[in-house]
Amino acid sequence: MDAIKIKDKQFTLSITEETIQAAVKRVGEAINKDLADKDPIFICVLNGAFMFAGDLMKTVNIPCEITFIKLSSYVGTYSTGKVHEVMGLNESVVGRNVVVVEDIVDTGITMEKIIASLKAKGAADIKVATFLQKPDALKRDIAVDYVAIKIPNEFIVGYGLDYDGYGRNLKDIYTVVD
Ligand code: IMP
Ligand code: MG
């Protein structure tokens with residue numbers, strides 16, 4: 001299935017499941033090496049990162065915790081720039097090595113807000129693991145420690161990422177056709 005339609009938009013297959021799985025595995029292996037004795041707490045940013053986090057954590061084999069927060073900033077295909085916390089953090093991160101697990105770093109506004117909030121809550125070290133990054137869209141000076149795949153500045157769906165709530169269940173990535 002190379003072409004799909006979601007609501008009013010056409011999308012075409014751009015990254016296959018095979019490429020995705022290999023890239024996610026590489027991130028997990030790097031994390032295993034870097035954080036082996038750090039007792040990290042992974043914070044999966046819902047909704048978009050649920051599939052990435054699920055696959056990533058199958059490769060991560062070091063002692064660790066995983067928890068979830070929920071944010072929303074997108075309406076349709078455009079970032080509103082305003083990030084809302086829909087579900088906050090229950091666990092203490094004081095003195096902890098934290099790994100934020102995101103679906104995509106686009107402008108970086110969401111990640112900047114998450115990092116500031118974790119610093120304020122007393123995290124000792126904060127690393128960022130993102131499935132995708134759009135380097136050309138970055139508007140904030142944030143350090144991204146692990147990137148599975150870098151993509152051009154185009155709207156995509158699949159593997160957790162949505163267009164107006166749809167497309168998150170696709171196992172490949174599709175790019176909008178305009
Ligand atoms: P940022 O704050 O601009 O970095 O945007 C971060 C959030 O926007 C991500 O966590 C995604 O949920 C969403 N997002 C950014 N680009 C896309 C895209 O191409 N498709 C679907 N969602 C996206
Ligand atoms: Mg997201």
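First listed ligand is number 1; within each ligand, the first listed atom is number 1. Just so we're clear, the structure is a prediction, and the values are computed from it rather than from any experiment. Numbers for residues simply follow the sequence, beginning at 1.
- Near Glu102, the atoms of ligand 1 lying under 4.0 angstrom from a non-hydrogen atom of the residue are 10 (O).
- The Asp103 neighbourhood of ligand 1 comprises atoms 9 (C), 10 (O), 11 (C), 12 (O), with distances under 4.0 Å to a heavy atom of that residue.
- Residue pairs that meet the side chain to side chain donor-acceptor pair (under 3.5 Å) test with at least one member in residues 138-147, sequence neighbours left out, are Asp34-Tyr146, Glu112-Arg140.
- Each of the atoms 21 (C) of ligand 1 lies under 4.0 Å from some heavy atom of Asp162.
- Contacts between Lys134 and ligand 1 below 4.0 angstrom, taking non-hydrogen atoms only, involve the side chain exclusively.
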*Does the pair Tyr174 and Asp2 meet the rule for a side-chain hydrogen bond (donor to acceptor under 3.5 Å, both in side chains), with working shown?*
CA-CA 8 Å; Tyr174 292 79; Asp2 283 2; over 6 Å; no

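- For atom 22 (N) of ligand 1, the nearest non-hydrogen atom from the set Leu71, Asn153, Leu161 belongs to Leu161.
- Remark: Lys134 does not engage Glu154 in a salt bridge, criterion side-chain N to carboxylate O under 4.0 Å.
- Ring-centre distance between Phe131 and Phe52: below the 6.0 Å cut-off.
- Residue contact check: Ile109 has heavy atoms under 4.0 Å from atoms 2 (O), 4 (O) of ligand 1.
- Ligand 1 places these atoms under 4.0 Å from at least one heavy atom of Phe155: 18 (C), 19 (O), 20 (N), 21 (C).
- The N/O atoms of Ile156, backbone and side chain alike, include one that comes under 3.5 Å of an N/O atom in ligand 1.
- Where the criterion is an N or O separation shorter than 3.5 Å, residue side chain and backbone included, Gly108 meets it with respect to ligand 1.
- Listed by first and then second residue, the salt bridge (charged side-chain N to carboxylate O under 4.0 Å, His left out) pairs that reach into residues 12-29 are Lys25-Glu29, sequence neighbours excluded.
- Between Phe155 and Tyr163, the angle of the ring planes goes over 60°, which puts this pair in the perpendicular group of the 30/60° scheme.
- Remark: the Thr67 side chain and the Glu91 side chain contain an N/O donor-acceptor pair separated by less than 3.5 Å.
- Which of Val45, Val105, Thr107 comes nearest to atom 1 (P) of ligand 1 through a heavy atom is settled by distance: it is Thr107.
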